[in-house]
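Computed from heavy atoms alone, side chains included, the values below leave out hydrogens, waters and symmetry copies. Just so it is clear: chains get the letters A, B, ... in the order the sequence lines come, proteins before strands, and each one is counted from 1.
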Number of protein chains: 2
Amino acid sequence: MFYYLCTMASDKRTHILSTAQKLFQEKGLGMVTMEDVARAAGMGKSSLYYYFKSKEEIFDAVLETEISEIILETMKRMSSRSGLLEKLMAFAAVKFEMARKRKSLYRAMEAGMDAVALSRYNELKKGVHLRYLEKEKVILQQLLIQAAGDRSIKTLHPKELDQAVMMFLSALRGMNREITLFGSAEQADELLPAFCRLFQRGLQ
Amino acid sequence: MFYYLCTMASDKRTHILSTAQKLFQEKGLGMVTMEDVARAAGMGKSSLYYYFKSKEEIFDAVLETEISEIILETMKRMSSRSGLLEKLMAFAAVKFEMARKRKSLYRAMEAGMDAVALSRYNELKKGVHLRYLEKEKVILQQLLIQAAGDRSIKTLHPKELDQAVMMFLSALRGMNREITLFGSAEQADELLPAFCRLFQRGLQ
DNA sequence: ATTTCGACCGAATTTGGTTTTTGGTCGAAT
DNA sequence: ATTCGACCAAAAACCAAATTCGGTCGAAAT
C-alpha cells in the first residue's frame with residue numbers, strides 16, 4: 001500500500017518518457033508504435049493513454065526534456081567561464097556539439113516516415129525549435145546586458161539587443177549547418193571562436 | 001543549307017534548356033518527363049539524347065544557368081554601390097531576395113517526387129550549392145581585399161580572409177533561413193543591414 | 001478513486017501482383 | 001550531323017485485400 005502511494009503519477013510519466021526516448025533514438029519515431037512503448041515500459045497500450053493524451057504528446061515531451069538538457073548544459077559550461085568572449089565561445093561550442101548529436105538523432109528519427117508523417121513531424125520540430133530559440137535568447141540577452149554593464153560592449157537599446165541576439169543565434173545556426181554539411185570539426189574549432197571575436201568587436 | 005549551318009548545336013542546346021527550365025518551374029522536376037520537354041521543344045524524345053547525356057544533365061545545366069543569373073545580378077547591384085558597407089548590404093539584399101524566390105521554386109520542383117528521387121535530387125542540389133558557394137566566396141574575397149587596400153578594414157591574412165568570408169556567408173544563410181521560417185520581410189530589412197554593420201566593425 | 005487492460009473501431013498503411021509510364025538505347029532514315 | 005520510331009528494362013502508379021496502429025471505452029483490479 002505504502003509502496004503504491006509512493007509511485008506517483010509523475011514517476012510513471014517520466015518512466016514512460018525515458019523508455020520512449022530510448023526507443024525513438026534506437027528505431028526512429030516512425031518505427032516505434034505505442035504498443036512497443038507500452039511493452040518496453042511494462043504495461044498495456046491502453047495504459048499509456050492514462051498518462052498521455054496522444055503519441056504526439058509523448059514525442060513532444062521527449063523533445064522538451066532533450067531541450068532542457070541542452071539548455072542546462074549550456075548554462076553550466078558558460079558559468080564556468082568568465083568574460084563575455086569566453087562565455088560566447090562556450091555557448092557556441094555547446095551549441096555546435098549538441099547540433100551534431102541531435103542531427104544523427106533526428107536523422108534516425110525521420111527514418112521510416114512517409115511524406116505525410118514527415119510534414120506533421122516537421123511542424124512539431126518547428127514548434128520545438130521556437131521554444132528552444134526563446135530559451136537561448138534569454139540566456140544571451142542576460143549575457144549582453146551584463147556585458148554592457150561591465151562596459152565590455154556599448155550599451156544596447158532593447159531593439160538593438162534583440163537584433164544582436166538574433167544575429168548571433170542565426171549566424172551560429174547557419175555556420176553549424178554549413179560546417180556539418182561541407183566542413184570538418186576542426187574547421188568549427190577555428191570558425192566559431194573567430195566569429196565570437198568578430199561579434200564582440202562589432203558590439204564595442 | 002546556309003541556314004542549317006547557322007543553327008549551331010549550342011543554339012539548340014540553349015533552346016532545350018530554356019524550354020526545360022520553363023517546364024520545371026511550372027510543374028516541378030518530378031512532374032516533367034523527357035517526352036514533355038521534347039514536345040515543348042518541338043522535337044522527338046530521342047533527339048534530346050543527341051544534345052544531352054541524361055535528364056540529370058539537363059536539370060544540372062538548368063540549375064547552373066540559374067546560379068549564373070543570380071551571381072550576375074549580385075555583381076550588378078554591388079557595382080552600383082560604393083564603399084564596403086554599402087556593397088555588403090547590396091550582397092545581403094540580393095541573396096535574401098533570391099533565397100525567397102528560389103525557395104518557392106524548389107518547393108514547386110520537389111512536388112511530385114518520391115523519397116528516392118528526392119534524395120538523389122538533394123545530392124544534386126548539394127553539388128550546386130557548393131559551386132554557388134565558390135562563386136560567392138570569390139566575390140566577397142575580392143571585396144574584402146579591396147577594402148583592406150582602402151584601409152576600410154584591417155589587413156587580413158589569407159586564412160583570416162577565408163574565415164571572414166565563410167562567416168559572412170554562412171551567417172547570412174542562417175539568418176535568411178531563420179527569417180523565412182519564423183520572421184517577416186521587414187525584419188530582414190533591419191537585421192541584414194545591422195549584421196553588415198556589425199561585420200564591418202568587427203573587421204576594423 | 002486511481003490505475004490497468006482487453007476488446008474494439010476507423011483510418012491509415014502495407015502487401016502483392018498487374019499495368020503504365022518513363023528514362024534511355026539503337027539502328028534506320030534524312 | 002541530326003532526327004525519330006520502335007523497343008527495352010526498370011521504376012512508378014494502381015488497386016483491392018489484408019494488416020497495423022493510434023486512439024476509445026467500459027469493465028475489472030487495486
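At a non-hydrogen distance threshold of 4.0 Å, B:Lys45, B:Ser46 from residues 39-48 of chain B come into contact with DNA chain C.
Looking at residues two or more places apart in sequence or on another chain, you find no salt bridge (Lys or Arg N to Asp or Glu O under 4.0 Å) involving A:Asp162. In this view, A:Asp189 satisfies the salt bridge (Lys or Arg N to Asp or Glu O under 4.0 Å) rule with no residue, not counting sequence neighbours. Scored by the side chain to side chain donor-acceptor pair (under 3.5 Å) test, A:Ser54 finds no partners at all (sequence neighbours excluded). Judged as a side chain to side chain donor-acceptor pair (under 3.5 Å), and not counting sequence neighbours, B:Glu35 has no contacts. Checked against salt bridge (Lys or Arg N to Asp or Glu O under 4.0 Å), B:Glu186 has no partners two or more places apart in sequence or in another chain. Listed by chain and residue number, nothing satisfies the side chain to side chain donor-acceptor pair (under 3.5 Å) test with B:Glu69 (two or more places apart in sequence, or in another chain). Here A:Lys22 pairs with nothing under the side chain to side chain donor-acceptor pair (under 3.5 Å) rule; sequence neighbours left out.
Rounded to an integer number of Å, the gap from B:His15 NE2 to D:dT2 C1' is 16 Å. Atom CZ in B:Phe52 sits roughly 16 Å away from atom C1' in D:dT3 (whole-Å rounding). Spacing between atom CD of B:Glu35 and atom C1' of D:dA6 amounts to 13 Å, rounded to whole angstrom units. For the pair A:Glu57 CD and D:dG22 P, the interatomic distance rounds to 15 Å; values are reported in whole Å. Protein atom CE of B:Met31 is 11 Å distant from nucleotide atom C1' of C:dT21, rounded to whole Å. We find that CZ of B:Arg13 is positioned 14 Å from P of D:dT3, with the value rounded to whole Å. Straight-line distance from the CE atom of A:Met34 to the P atom of C:dA12: 18 Å, rounded to whole Å.
For the OP1/OP2 pair of C:dG24 and a distance below 4.0 Å, the side-chain nitrogens and oxygens of B:Lys53 include no atom meeting the criterion. Between B:Lys12 and the phosphate of D:dA1, there is no side-chain N or O to OP1/OP2 separation shorter than 4.0 Å. When the side-chain nitrogen and oxygen atoms of A:Tyr49 are compared with OP1 and OP2 of C:dC5, none of them lie within a distance under 4.0 Å. Of the side-chain N and O atoms in A:Tyr50, one or more sit less than 4.0 angstrom from OP1 or OP2 of C:dT3.
Closest contact between the side chain of B:Lys55 and the listed nucleotides D:dG22, C:dG23, D:dT3 involves C:dG23.
Among the atoms of the strands shown, only primed sugar atoms or phosphate atoms (P, OP1, OP2) are found under 4.0 Å from some heavy atom of A:Val32.
Looking at B:Glu73 and B:Arg77, a side-chain N of the basic residue comes within less than 4.0 Å of a carboxylate O on the acidic one, giving a salt bridge. Taking the charged nitrogens against the carboxylate oxygens, B:Glu134 and B:Arg131 have no contact shorter than 4.0 Å, which rules out a salt bridge.
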What's touching nucleotides 27-30 of chain C from the protein side, N or O pairs under 3.5 Å?
none

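Identified under the salt bridge (Lys or Arg N to Asp or Glu O under 4.0 Å) test for residues 166-182 of chain B, with sequence neighbours left out: A:Arg173-B:Glu178, A:Glu178-B:Arg173, B:Glu136-B:Arg173.
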Cut-off 3.5 Å, no hydrogens considered: what does the side-chain donor-acceptor table look like for residues 190-202 of chain A, sequence neighbours left out?
| unit_1 | atom_1 | unit_2 | atom_2 | d |
| --- | --- | --- | --- | --- |
| A:Glu190 | OE1 | B:Gln163 | NE2 | 3.3 |
| A:Glu190 | OE2 | B:Lys159 | NZ | 3.3 |
| A:Arg201 | NH1 | B:Gln204 | O | 3.4 |
| A:Arg201 | NH2 | B:Gln204 | O | 2.3 |

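Of the inter-residue distances, the one linking B:Ile153 atom CD1 with B:Ile145 atom CD1 reads 9.5 Å to the nearest 0.5 angstrom.
For the helix from C:dA1-D:dT30 to C:dT30-D:dA1, the axis fitted to the five pairs at one end and the axis fitted to the five pairs at the other end meet at an angle of 30° (nearest 10 degrees).
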